[in-house]
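Written out below as structure tokens is the structure these notes cover.
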Amino acid sequence: MADPQNPIPNPTSVLERDQFAAFSKMTPLPRVDIDQPKYDQSTYVGRAKHFLLVTNPLNVLATNTKLEQARQIVLKYRAGKEVTECRTIEDVWKAKYLYDSAFHPETGDKQIIIGRMSAQMPMNMLITGGMMAFYKSTGAVVFWQWMNQTFNAIVNYTNRSGTSPLSNSQLLTSYCLATGGALATALSLNRAVKNMNPLVGRMVPLVAVAAANCINIPCMRMQEIRNGVVLLDEKNAEVGVSKKAACVGISAVIVSRICMALPGMTLTPMLMNLLERRGFLAKYPKSNAPIQTLFCGFVLIFATPLGCAFFKQRAAIKVASLEPEVRDNIEKKRPELDTVWYNKGL
């Protein structure tokens, strides 16, 4: 029997779908602004809840059909059309967060699957586990740092702010600089800490990752630094373009990425050092890589959204702090504007 609160729980047959559509017309969905996050972005907790949904690794498993369904729901709801696929506003939010996990917030283009924020946990689990487990061998350091920077390059390009594409030459230059910087840092530090406490040696990958992020992210988003990012008013109307906002946003992304890596790349060495001192690794040497990989994955489930939440994705900047020419232009055309917004990227 149908639940009085949910008259048609599973509209699978043609008749049931027709009945459900009729029921939907009688009870229209409430109107909310789904282009604003579901949770209050002025608080860290609200941003953490938001990014917990955006970075949900289960979203990677969504098929193209599911993603297209979510896209259609979002487009119809935005346009004020009837959304018969959804029974409640909660269903609309689920579709919106699935949409956000796979489509670029500015261009609306479907993102490369391993470049999506929902792929951060599984991909970083494998790569970070490899870097932490095989940090002593030069060949292994080269391989895993190369893997990490290749992945980072894809993520940074996929989640860049703005619509200005990088040329092939710029893309190759940025990739080589970031990879070279990471390798130089990791290999030189490995030599420097060779005779130090093993725990210090296990921290080398973290320093290399932090250094590489400082190179990789600005390089992969050089077009934004050169050309600026679009500035918007409270109604998302374009009011200007700012290079300073681009630099502020990219700096925030660098800090977020380092914070995302910090818990897994500090807690894991501590755990492995403890297991080594107690003789566990000597007794079960093959457990080294699996333990580090799985532990990193567990930490990253929480570290990824918590790191993203340090800064708002729709970042605000005071008009008075913009470049003089941009500030003057906005004050001339929109003197009432005190603050403008831009997409800082992820």
Rounded to the nearest 0.5 Å, the CG atom of Leu322 sits from the OG atom of Ser242 at a distance of 4.5 Å
So ring-ring contact (aromatic ring centres under 6.0 Å, His included) across residues 216-261, not counting sequence neighbours, yields none
Rounding to 0.5 Å, atoms CG (Asn236) and CH2 (Trp341) come to a distance of 9.5 Å
If only atom types and distance count, is the side chain of Arg314 paired as donor or acceptor with the main-chain N or O of Tyr342 below 3.5 Å?
no
Applied to residues 54-78, the salt bridge (charged side-chain N to carboxylate O under 4.0 Å, His left out) test, sequence neighbours excluded, yields Asp35-Arg78, Glu68-Arg71, Lys76-Glu85
For residues 244-252, which side-chain N or O atoms pair as donor and acceptor with protein atoms under 3.5 Å away, sequence neighbours left out?
from, atom 1, to, atom 2, distance (Å)
Lys244, NZ, Ser321, O, 2.6
Ser251, OG, Cys247, O, 2.8

ask   = So, Asp233 side chain and Ala237 main chain: donor-acceptor pair closer than 3.5 Å or not?
value = yes
Taken to the nearest 0.5 Å, the spacing of Gln145 CD from Asn148 CG works out to 6.0 Å
Would you check, one step at a time, whether the test side-chain contact (heavy atoms from CB on, under 4.5 Å) holds for Val340 with Glu234?
-> CA-CA 7 Å; Val340 289; Glu234 66 279 0; over 6 Å; no
ask   = So does Glu224 pair up with Lys344, basic N to acidic O under 4.0 Å?
value = no
Chi angles and distances behind the side-chain contact (heavy atoms from CB on, under 4.5 Å) call for Val239, Asn329: CA-CA 9 Å; Val239 295; Asn329 188 49; over 6 Å; no
Sorted by chain and number, sequence neighbours left out, side chain to side chain contact (heavy atoms under 4.5 Å, CB included) with Glu238 holds for Val230, Leu232, Val241
Do Arg278 and Lys283 have side chains that get closer than 4.5 Å, going by heavy atoms? no
Closest heavy-atom pair, Val32 versus Tyr77, reported as atoms and distance to 0.1 Å, is N-OH, 2.8 Å
Taking every heavy atom of Pro218 against every heavy atom of Asn213, the minimum-distance pair comes out as CD-O, 3.6 Å
Applying side chain to side chain contact (heavy atoms under 4.5 Å, CB included) to Asn59 and not counting sequence neighbours gives Asn56, Leu98, Ser101, Ser118
Sorted by chain and residue number, the salt bridge (Lys or Arg N to Asp or Glu O under 4.0 Å) partners of Asp338 (sequence neighbours excluded) come out as Lys318
- prompt: Run the side-chain contact (heavy atoms from CB on, under 4.5 Å) check on Lys96 and Ile34 step by step: do they pass?
  reply: CA-CA 7 Å; Lys96 178 60 166 58; Ile34 60 170; 4.2 Å; yes
For Tyr99, the ring pair (Phe, Tyr, Trp, His ring centres under 6.0 Å) test, sequence neighbours excluded, returns Phe103
Q.
I'd like to check Ile114 versus Thr158 (side-chain heavy atoms, cut-off strictly below 4.5 Å). Are they in contact?
A. no
Please table the atom pairs, donor to acceptor, closer than 3.5 Å between any side-chain atom in residues 302-313 and protein atoms at least two apart or in another chain.
from, atom 1, to, atom 2, distance (Å)
Thr304, OG1, Leu300, O, 2.8
Gln313, NE2, Asn343, OD1, 3.4

*Apply the test side-chain contact (heavy atoms from CB on, under 4.5 Å) to residues Gln72 and Gln69: give CA-CA distance (whole Å), side-chain angles for both, the deciding distance (0.1 Å), then the verdict.*
CA-CA 5 Å; Gln72 290 301 324; Gln69 287 174 349; 5.8 Å; no
Here the gap from Asp100 atom CG to Leu53 atom CG, rounded to the nearest 0.5 Å, amounts to 10.0 Å
Is it the case that one hydrophobic cluster holds both Ile215 and Val255, taking links as side-chain heavy atoms less than 4.5 Å apart, direct or via other members? no
**Item:** Candidate pair Arg334 and Glu336, rule salt bridge (Lys or Arg N to Asp or Glu O under 4.0 Å), full reasoning
**Value:** CA-CA 5 Å; Arg334 300 286 301 276; Glu336 79 283 3; 2.6 Å; yes
Quiz item: Is the NZ atom of Lys94 crowded by more than 12 outside heavy atoms at less than 6.0 Å?
Solution: no
In short, Gly46 meets Tyr39 closest at the heavy-atom pair O-CB, 3.4 Å
Does one hydrophobic cluster hold both Leu177 and Ile258, with members joined at side-chain heavy-atom distances below 4.5 Å?
no
(Q) Is there a continuous path of hydrophobic side-chain contacts, each under 4.5 Å between heavy atoms, that joins Ile154 to Phe143? (A) yes
Query raised in the report: Within a reach of under 6.0 Å around CZ of Arg31, are more than 12 heavy atoms found that belong to other residues, nucleotides or ligands?
Result: yes
According to a 4.5 Å side-chain heavy-atom criterion applied to Ile, Leu, Val, Met, Phe, Trp and Tyr, with indirect links allowed, do Phe151 and Met147 form part of one hydrophobic cluster?
yes
So the ring-ring contact (aromatic ring centres under 6.0 Å, His included) pairs with at least one residue in residues 229-259 (sequence neighbours excluded) are none
Side-chain atoms of residues 259-272: list all donor-acceptor pairs with protein atoms under 3.5 Å, sequence neighbours left out, distances to 0.1 Å.
from, atom 1, to, atom 2, distance (Å)
Thr266, OG1, Leu262, O, 2.7
Thr266, OG1, Pro263, O, 3.2
Thr268, OG1, Gly264, O, 2.5

Tightest non-hydrogen contact, residues Thr339 and Val319, listed as N-CG2, 4.0 Å
Closest non-hydrogen atoms of Leu29 and Thr88, given as atom of the first, atom of the second and distance, are CD2-C, 3.5 Å
_Any donor-acceptor N/O pair, Tyr97 side chain to Lys38 backbone, under 3.5 Å_ = yes
In short, salt bridge (charged side-chain N to carboxylate O under 4.0 Å, His left out) pairs touching residues 322-331 with sequence neighbours left out are none
Output side-chain donor-acceptor pairs under 3.5 Å for residues 287-296, partner residues at least two apart or in another chain, one line each.
from, atom 1, to, atom 2, distance (Å)
Ser287, OG, Tyr284, O, 2.6
Asn288, OD1, Gln292, NE2, 2.8
Thr293, OG1, Ala289, O, 2.8

Met117 with Trp93, same ILVMFWY side-chain cluster at under 4.5 Å | yes
